[in-house]
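Below is one structure, written out as structure tokens, with a few remarks after it.
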Amino acid sequence: MRVVLIAVVITLLCAIAVDSCLPTDLAALEAVKASLTESNLGLFNTWSGTDCCLNWYGVSCDPSTRRVVDLNLRGESEDPILSKSGQSGFMSGSIAPEICNLDSLTTLVLADWKGLSGQIPQCLTFLSSLRVLDLTGNKLSGVIPTDIGKLKMLRVLNLADNQIAGDIPASIVNLAGLMHLDLRNNKLTGGVPAGFSNMKMLSRALLSGNQLTGSIPESIGNMPRLADLDLSRNHISGSIPDSLGNMRVLSTLNLDGNAISGELPTTLLSNHGLGILNLSRNSIEGNIPDVFHGNSYFMVLDLSYNNLKGKIPGTLSSAKYIGHLDLSHNHLCGNIPMGDPFDHMDASSFTNNDCLCGNPLSTC
């Protein structure tokens, strides 16, 4: 009888354990809930009971350990809850530091809630298993955690569309496995960190719409997987490194709206893989290199609002494809070449130069 009673007690204890998540995880999530307000969709109505692994919206657990591994709350998505409501989500409040007690997290997404404010908890850098950190589309302020480079497993870092200030932490270059970096539309200052090219796995570096200064590091040209580099709408100065034109997988380069000077690198315009090149609204000078060829394929080639002079290169006519071309507001002169792609260009692509003529402008 005694043995049977002990067995029953053990069974009951196991059942209770199965129907609950780790107390520390539960307490952490309850603190997160208490620090946030979301009334439009009632997402937190599902956060009740002791089993945070069961039907808690946006929470996922490891089935073997019953530890919380994913916290995914996105205010704009195709989730049925959002689709049925016919509106995007709105959440206010701040990120509770207790979130750092979820020490098995691999994914943390608190994105596109518009009203989420306060600072990014510095303790997030202790979440050693974190692979995705996405806090885009809020009103977060303060600085990027100084020790962000401790997150050795991080693959995606998205802090875009916030009000984050200060320098990009020097430690970020220690994220050797990072593949996607998006810091757009914040208030970041300082330069691109020295050693930025140490992030050899990085394929997208989106840093536009900040207040970054300094020059573009020559070493960025040594990043073998970088396909998309966006430094537009900053205060970047100096010249464009020749090394950028030697990058084999670079397909998009946006440097518009800076204070870049010097001449156009020949390697940049002759690059076989570059499809979007926007260098408008800078102080680039000299001639446009006459280096286009049969493999040149530009969906966008925008060199407007610079100090370019000389003629439009005749080799542009040999390009395989030129979609959007804008050479306006420079000091170009001479005849606009005939044939494709010039035959389908509007006058706005060539206006406000010194002495350009020919179709679609006035005859020479």
Side-chain angles (χ1 to χ4, degrees), residues 203-206 208 216 221 226-233 239-258 260-364:
S203 63
R204 303 189 77 197
L206 311 177
S208 63
I216 303 170
L226 191 62
D228 188 349
L229 176 61
D230 190 350
L231 288 167
S232 63
R233 296 180 292 115
S239 58
I240 301 172
D242 289 343
S243 62
L244 296 190
N246 298 322
M247 299 177 73
R248 294 188 177 183
V249 300
L250 187 66
S251 61
T252 300
L253 179 61
N254 291 313
L255 302 178
D256 50 294
N258 281 289
I260 295 171
S261 58
E263 298 189 355
L264 286 170
T266 300
T267 55
L268 200 59
L269 295 182
S270 61
N271 186 296
H272 286 212
L274 200 56
I276 296 176
L277 178 61
N278 191 344
L279 306 179
S280 65
R281 300 181 185 275
N282 281 288
S283 299
I284 301 170
E285 54 193 13
N287 296 333
I288 302 174
D290 197 4
V291 292
F292 298 92
H293 47 78
N295 289 322
S296 296
Y297 192 103
F298 287 97
M299 291 175 284
V300 174
L301 178 57
D302 193 342
L303 305 177
S304 62
Y305 291 91
N306 278 290
N307 296 316
L308 297 169
K309 62 181 183 179
K311 296 182 177 181
I312 296 175
T315 53
L316 260 173
S317 298
S318 66
K320 187 175 183 178
Y321 178 78
I322 303 287
H324 173 78
L325 175 67
D326 195 344
L327 304 176
S328 66
H329 296 87
N330 280 288
H331 301 289
L332 300 172
C333 206
N335 293 349
I336 297 173
M338 300 177 64
D340 196 51
F342 302 100
D343 290 346
H344 68 265
M345 296 294 170
D346 295 330
S348 60
S349 295
F350 307 102
T351 55
N352 294 96
N353 276 286
D354 287 1
C355 49
L356 279 180
C357 59
N359 188 53
L361 300 181
S362 58
T363 55
C364 296

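For Ser328, the side chain to side chain contact (heavy atoms under 4.5 Å, CB included) partners at least two apart in sequence or on another chain are Ser304, Asp326, Thr351.
To the nearest 0.5 Å, atom CD1 of residue Ile288 and atom CD1 of residue Ile312 are 6.5 Å apart. Separation of atoms OH (Tyr321) and CE (Met299) is listed at 8.5 Å; rounding is to 0.5 Å. Here Ser203 contributes atom OG and Asp228 contributes atom CG; the two are 8.0 Å apart, rounded to the nearest 0.5 Å. Note that the NZ atom of Lys309 and the SG atom of Cys355 stand 12.5 Å from one another [nearest 0.5 Å]. Separation of atoms OG (Ser261) and CG (Asn307) is listed at 10.0 Å; rounding is to 0.5 Å. Atoms CD and OG, from Glu285 and Ser239 in turn, are 10.5 Å apart once rounded to the nearest 0.5 Å.
Between the Asp230 side chain and the Leu253 main chain, no donor and acceptor come within less than 3.5 Å of each other. Remark: side-chain polar atoms of Ser296 are not paired, donor with acceptor, to backbone N or O of Ala319 under 3.5 angstrom. Side chain of Asp302 to backbone of Asn278: no donor-acceptor contact under 3.5 angstrom is found. Distance alone, capped at 3.5 Å, is enough to place a donor-acceptor pair between the Asn282 side chain and the Ser280 backbone.
Among the candidates Leu327, Asn330, Asn335, Leu361, the single residue satisfying the side chain to side chain contact (heavy atoms under 4.5 Å, CB included) test with Leu356 is Leu361. Residue Asp256 is tested with Asn258, Ile260, Asn254 for a side chain to side chain contact (heavy atoms under 4.5 Å, CB included); the sole match is Asn254.
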(message) Working note: Leu332 + Asp354, criterion side chain to side chain contact (heavy atoms under 4.5 Å, CB included); need CA distance, chi angles, decisive distance, verdict.
(response) CA-CA 6 Å; Leu332 300 172; Asp354 287 1; over 6 Å; no
(request) Under the side chain to side chain contact (heavy atoms under 4.5 Å, CB included) rule, what do Phe298 and Leu277 come out as? Steps first, then yes or no, please. (result) CA-CA 7 Å; Phe298 287 97; Leu277 178 61; 4.1 Å; yes
(request) Show your reasoning for whether side chain to side chain contact (heavy atoms under 4.5 Å, CB included) applies to His324 and Leu301. (result) CA-CA 6 Å; His324 173 78; Leu301 178 57; over 6 Å; no
(message) Let's go through Phe342 and Leu316 carefully: what are the C-alpha distance in whole Å and the side-chain angles of both, what is the deciding distance for side chain to side chain contact (heavy atoms under 4.5 Å, CB included) to 0.1 Å, and is it a yes or a no?
(response) CA-CA 9 Å; Phe342 302 100; Leu316 260 173; 3.7 Å; yes
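Contact detail for Met345 and Pro360: the closest heavy-atom pair is O-CG, 3.5 Å. Pro313 approaches Pro289 most closely through the heavy-atom pair CG-O, 3.7 Å. Taking both residues in full, the closest heavy atoms of Ser317 and Pro341 are given as CA-CD, 4.2 Å, listed atom of the first, atom of the second, then distance. When all heavy atoms of Ser349 and Leu325 are compared, the closest pair comes out as OG-O, 2.7 Å.
Put simply, the side chain of Leu308 reaches to within 4.5 Å of the side chain of Ile284, judged on heavy atoms. Looking only at side-chain heavy atoms (C-beta outward), Ile216 and Leu231 come within less than 4.5 Å of each other.
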Can you list, pair by pair, the side-chain donor-acceptor contacts under 3.5 Å of residues 262-271, counting residues two or more places apart and other chains?
| residue | atom | partner | partner atom | Å |
| --- | --- | --- | --- | --- |
| Thr267 | OG1 | Asp242 | O | 2.9 |
| Ser270 | OG | Thr266 | O | 3.1 |
| Ser270 | OG | Thr267 | O | 3.4 |
| Asn271 | OD1 | Gly273 | N | 2.7 |
| Asn271 | OD1 | Leu274 | N | 3.1 |
| Asn271 | ND2 | Gly245 | O | 2.8 |
| Asn271 | ND2 | Met247 | O | 3.1 |

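Taking the six-membered ring for Trp and thresholds of 30 and 60 degrees, Tyr305 and His329 have nearly parallel ring planes, at less than 30 degrees apart.
Counting non-hydrogen atoms of neighbouring residues, nucleotides and ligands closer than 6.0 angstrom, the CZ atom of Arg233 exceeds 12 such neighbours.
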